[in-house]
Amino acid sequence: MSLSTRYSPKETEDRWYAHWEAKNYFHSEPDEREPFTIVIPPPNVTGVLHMGHMLNNTIQDVLIRRARMQGKNACWVPGTDHASIATEAKVVQLLRKQGIKKGDIPRDEFLKHAFDWKEKYGGIILDQLKKLGASCDWQRTRFTMEDSLSRAVIHVFVDLYKKGKLYRGLRMTNWDPEAKTVLSNEEVIHREENSQLFHIKYNLVDDPTDGIIIATQRPETIMADVAIAVHPEEEKYQHLVGKMVLIPLINKPIPIIADSYVDREFGSGALKITPAHDQNDLQVGERHGLPVVDILTEDGKLNAEAQILVGEDRFVARKKIRKLLEDAGNLVKVEDYRTSIGHSERTDAVVEPRLTNQWFLKMGGFAATALEAVKSGEVKFYPESMWNMYYQWLQEDNVRDWCISRQLWWGQRIPAWYVLKSAVGSPQSAVGDLQFSESGRLMKNGEELVIVAENEADALAQAKAKLNNNNLTINDLEQDEDVVDTWFSSWLWPIAVFDGFEKKDDLKYYYPTNVLVTGWDIMFFWVARMIMSGYEWSEELLGDDLKGKMPFHEVYFTGMVRDNKKRKMSKQLGNSPDALELIENYGADGVRFGMLLSGSAGNDIIFDAPIDPVTKTVLNESKLCEQGRNFCNKMWNALRLIKGWERSDAEQPEVNALAVAWIKDKFDQTLAEVEANFTTYRLGDVLMGLYQTIWDDFCSFYLEIIKPSFNEDGTSEPIDHQTYEATINIFEKMMAALHPFMPFVTEEIWHQLRNRREGNDCVVASYPTAGRVDKDLIQKVDKAKDLITKIRESRSSKGISPKESLRLFAQNLPSSHSMFELMGLAGLVLKMGNLSELSFTDEEPAGTVSLLSGTEKYFLEMNIMIDVAAERERITKELDYYRGFVASVEKKLSNEKFVGGAPAAVIDAERKKLADGQEKMRILEEGLVKLG
RNA sequence: GGGCGCAUAGCUCAGCUGGUUCAGAGCAUCUGCCUUACAAGCAGAGGGUCCGCGGUUCGAAUCCGUGUGCGCCCA
């Protein structure tokens with residue numbers, strides 16, 4: 001049998017993934033074992049795998065695979081998010097291509113198209129996660145808009161309404177005039193843009209020759225003005241407060257008021273108050289009991305309230321009103337101005353602040369709960385510093401009520417019904433004081449009467465009771481047209497994926513989940529809200545079976561993946577390498593290696609993909625992924641080496657026994673670090689530790705020590721089977737330890753190392769734990785390694801081939817003798833230093849160069865002329881270094897404050913440093929004398 | 001305007017409770033090797049005012065203050 005000199009991910013990855021799935025290793029059912037649960041942050045159902053997904057799913061996979069190997073019942077629940085805005089936009093686009101306009105088809109038909117589309121293209125990303133090696137429990141795949149999860153959304157909506165935490169109200173919202181829907185704050189993208197500041201004069205009612213000048217960016221909204229505000233302490237306007245001015249062009253009188261909101265330094269120091277079209281103005285208006293005049297339509301045109309320019313688009317109106325104001329003599333000046341303007345993420349339309357009827361969730365109590373959950377330590381953040389941001393965001397002053405309604409169809413329809421005129425017959429004839437809204441809905445106390453219910457039947461029953469009319473039919477009611485915000489379904493994810501609102505068997509076992517892995521950018525939108533929902537419902541759902549209200553015990557925040565200009569990688573910017581191409585180029589293991597090594601928890605990651613200098617596009621290349629690929633190859637070749645060995649019954653040589661003991665210790669040392677680093681989620685450090693021990697300790701040192709030599713006929717000597725077995729054992733443990741990080745290559749090597757019985761797979765092997773470490777042994781071998789390095793260095797600097805065998809003499813010193821008393825150590829140095837002889841000496845033998853390793857001196861015989869001057873220079877240089885070193889330590893030790901203040905251990909360490917340094921100086925000086 | 005964070009080798013970053021892990025890792029660079037597992041490799045080497053300034057301390061990359069530069073969030 002022969003193995004290729006290169007490891008081929010393509011030949012192994014799909015095969016092993018299929019095998020794992022066939023064996024159903026990723027599926028979890030509740031049992032006696034301790035659960036270890038992760039719920040995936042559900043990617044958009046329409047999404048494709050990008051760098052952020054790769055990072056955060058690789059981390060989740062590492063954690064879940066390790067837990068599985070530790071014998072826990074590991075359950076990683078995958079799924080997708082219906083992403084209402086993004087998906088609806090895609091479906092609308094698709095229909096448009098087919099010549100269908102959203103407005104022309106009924107809601108049901110649109111949803112049918114959307115679901116068809118989702119069935120056809122949705123969930124591609126889940127298959128891409130399989131490519132990455134994600135060991136999700138695919139049988140548990142969920143979708144935020146499937147029936148059970150939608151029922152959960154409706155249930156909590158009704159529940160919150162009953163609890164008085166939901167309300168409907170007219171509020172200032174971000175309005176997209178093109179999509180004609182309200183937008184959440186995160187869907188508004190602010191950009192710095194050039195604008196103009198118009199200085200407009202409003203004349204006094206009593207004295208048309210006098211007036212006040214205000215500055216505004218939006219002259220087209222002056223018709224909606226309800227007041228002019230000045231700062232209460234601004235002297236130059238004191239005399240005007242309380243007087244009336246006329247809105248230019250329409251000559252409508254409005255008052256001048258004083259409010260400390262006004263920035264005295266900005267513009268003229270006087271501000272027009274337009275409550276319908278500005279959030280801050282609305283607040284000022286409310287403070288002063290001013291009316292709201294809305295002059296815009298839902299698509300951003302001026303309405304009849306404007307009196308002039310009716311029907312014009314807001315931007316056209318701005319141009320036209322400029323001329324009108326100029327002609328009327330009210331335009332004082334126009335200056336250029338730079339300002340930040342909000343655009344719709346989807347349509348790019350300039351977002352219009354607009355008063356609309358929306359559903360809100362009161363956040364007060366929720367925010368306090370979410371804050372306390374983390375403050376108390378019930379939910380732990382990694383890195384801890386994320387607490388600062390979390391704390392800041394959840395401060396009472398910063399939390400605004402959550403607008404949960406969206407004017408879309410793709411999502412859970414709001415379970416609220418309104419009563420139509422038909423329910424009460426002719427309004428005039430029935431009861432005198434009945435009022436109806438513009439849309440024909442029954443009003444009560446000036447607002448539309450709302451009935452919130454889990455289903456139509458219940459809504460109807462409630463309506464019958466409320467109106468005291470048993471003849472009502474469902475046709476007399478009208479359901480709210482809007483759907484809830486997508487986050488209003490995903491905040492239930494850790495409960496809903498276990499159908500927790502309907503049954504508790506799974507929830508009881510898996511909740512609270514262990515860890516959530518997600519980007520810090522959705523800390524508020526998702527993480528905090530999941531904590532809120534967990535504390536709100538888990539107790540009533542689980543009762544005595546509750547193991548904790550928190551949805552997860554720990555949160556690992558990943559950073560954003562950025563390009564080398566620190567810009568977030570995104571499809572739009574075109575600065576992101578193609579995730580699947582990267583996997584194609586380096587293998588999933590290589591890419592996972594690259595992702596994990598590129599950064600640590602919480603810190604943003606600068607991904608090293610290079611840019612093509614000619615085309616300026618990002619290349620699907622990465623040095624770190626290449627390193628990962630090379631690592632696979634390295635391990636693959638170690639496998640090839642070992643598999644090529646013949647075995648013999650010969651006794652184990654001392655050198656090999658030492659090497660085996662050493663690599664076991666060394667690996668145990670690494671495993672101890674692995675364990676420590678896992679508890680604090682320092683996954684990059686874990687991987688680097690394993691990388692170094694496998695590459696440097698195992699391949700470069702251990703295997704070179706035990707590697708059998710060659711006979712003259714070119715055949716390899718056999719290896720004693722004790723060493724062989726030990727080597728296979730340690731290699732296999734290394735593969736197990738590395739498996740969570742690089743699952744494919746480790747599984748492949750696992751099977752190449754031995755013939756395995758059915759079911760003996762690396763993916764379910766037990767995760768190795770650290771054993772006791774013989775520190776003395778490690779220290780002695782480290783000294784030998786240092787000596788070997790010095791020998792190689794001498795060779796390299798003198799141009800002597802590593803192939804040439806040399807003699808080495810160790811100076812007769814107790815410490816040298818003690819070191820070489822370790823069985824096999826001399827043999828190890830002989831082999832690794834390619835020495836023909838190693839013996840002790842009192843005198844410096846002729847024709848040798850001296851080496852200093854630690855405080856032991858050695859003489860390496862070289863069959864060349866020694867350049868005395870060069871030697872002297874080399875030794876002098878080294879001596880100078882130690883002189884400085886010793887001087888600094890002496891200075892420290894002679895400082896009484898140091899000796900008095902520092903702990904004994906530190907002082908002892910300094911004394912040892914001093915003694916060693918002095919000893920080295922003595923040896924070096926002696927060497928100089930010998931050189932003459 | 002309010003807040004959060006970052007600055008350590010050419011690059012990307014570790015450095016956790018101040019002291020042998022104290023100036024580190026990987027990549028890149030340089031030198032020499034196609035040595036019978038691996039050139040996707042082996043052996044060796046060089047490289048730093050720990051952003052500036054001030055302070056606390058016996059001792060500061062680490063703690064405090066301040067300045068500068070950069071990133072982000074909210075308004």
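The structure displayed is predicted, hence computed values, not measured ones. Only heavy atoms go into these numbers, but all of them, side chains included; no hydrogens, no water, no symmetry mates. In the text below, chain A, chain B and the rest are named by the order of the sequence lines, each starting its count at 1.
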A:Gln627 side chain to A:Tyr691 side chain, donor-acceptor N/O pair below 3.5 angstrom = yes
inquiry  = Under the rule for ring-ring contact (aromatic ring centres under 6.0 Å, His included), what residues qualify as partners of A:Tyr882, not counting sequence neighbours?
reply    = none
inquiry  = Please list all pairs meeting side-chain hydrogen bond (donor to acceptor under 3.5 Å, both in side chains) that have one or both residues in residues 582-593 of chain A, counting only residues at least two apart or in different chains.
reply    = A:Asp61-A:Arg592
key: salt bridge (charged side-chain N to carboxylate O under 4.0 Å, His left out) assessment of A:Asp908 paired with A:Lys912   = CA-CA 6 Å; A:Asp908 284 350; A:Lys912 172 123 193 356; over 6 Å; no
message = Could you tell me how far B:rC63 sits from B:rC50 if I compare only their P atoms? Round to whole Å.
response = 16 Å
query = Do NZ/NE/NH1/NH2 and the carboxylate oxygens of A:Arg682 and A:Glu673 come within less than 4.0 Å?
reply = no
task = Round to the nearest Å and state the distance from A:Trp393 atom CH2 to B:rC72 atom P.
result = 14 Å
query = What is the distance, rounded to the nearest whole Å, between atom CD of A:Glu673 and atom C1' of B:rG15?
reply = 14 Å
note = Syn within 90° of 0, anti beyond: B:rU21 is syn
remark   = Here the side-chain hydrogen bond (donor to acceptor under 3.5 Å, both in side chains) pairs for residues 790-803 of chain A, sequence neighbours left out, are A:Asp786-A:Lys790
Give me, pair by pair, the N or O atoms of the protein and of nucleotides 1-11 of chain B that are less than 3.5 Å apart, along with how far apart they are.
{"from": "B:rG5", "atom 1": "OP1", "to": "A:Asn388", "atom 2": "ND2", "distance (Å)": "2.5"}

message = Taking salt bridge (Lys or Arg N to Asp or Glu O under 4.0 Å) as the cut-off, I'd like each qualifying pair that reaches into residues 689-698 of chain A, sequence neighbours left out, listed once.
response = A:Asp697-A:Lys785
request  = Classify the nucleic acid contact of A:Asp685 as base, sugar-phosphate or nothing, counting any heavy atom under 4.0 Å across all strands shown.
outcome  = sugar-phosphate
Between the protein and nucleotides 58-66 of chain B, list every N/O to N/O distance that falls short of 3.5 Å.
{"from": "B:rC58", "atom 1": "O2'", "to": "A:Asn895", "atom 2": "ND2", "distance (Å)": "3.1"}

Grab the N/O contacts between the protein and nucleotides 23-26 of chain B below 3.5 Å, and write none if there aren't any.
{"from": "B:rA25", "atom 1": "O3'", "to": "A:Gln692", "atom 2": "NE2", "distance (Å)": "3.0"}
{"from": "B:rA25", "atom 1": "O2'", "to": "A:Gln692", "atom 2": "NE2", "distance (Å)": "3.4"}
{"from": "B:rG26", "atom 1": "O3'", "to": "A:Gln627", "atom 2": "NE2", "distance (Å)": "3.1"}
{"from": "B:rG26", "atom 1": "O2'", "to": "A:Gln627", "atom 2": "OE1", "distance (Å)": "2.6"}
{"from": "B:rG26", "atom 1": "O2'", "to": "A:Gln627", "atom 2": "NE2", "distance (Å)": "2.7"}

request  = Not counting sequence neighbours, which residues clear ring-ring contact (aromatic ring centres under 6.0 Å, His included) with A:Tyr858? List them please.
outcome  = none
note = Between CE of A:Met523 and P of B:rC72 the distance, given in whole Å, is 17 Å
query = If the sugar-phosphate is the primed atoms plus P, OP1 and OP2 and the base is the rest, what is the B/S/- string for nucleotides 37-45 of chain B, using protein heavy atoms under 4.0 Å?
reply = BB-BSSSSS
key: Identified stems (criterion: three or more consecutive Watson-Crick or G-U pairs, under 3.5 Å), RNA chain B   = B:1-7 with B:68-74, B:10-13 with B:24-27, B:29-33 with B:41-45, B:51-55 with B:63-67
message = Is the phosphate of B:rA28 approached by A:Lys623 (side-chain N or O, under 4.0 Å from OP1 or OP2)?
response = yes
inquiry  = Using the ring-ring contact (aromatic ring centres under 6.0 Å, His included) criterion, which residues pair with A:Phe667? Sequence neighbours excluded.
reply    = none
Pairwise P distance, B:rU57 and B:rC64 [rounded to whole Å] = 16 Å
key: With sequence neighbours excluded, residues passing ring-ring contact (aromatic ring centres under 6.0 Å, His included) with A:Phe701   = A:Trp662
inquiry  = Quick check: closest heavy atoms across A:Leu753 and A:Phe731, and the distance to 0.1 Å?
reply    = CD2-CD1, 3.7 Å
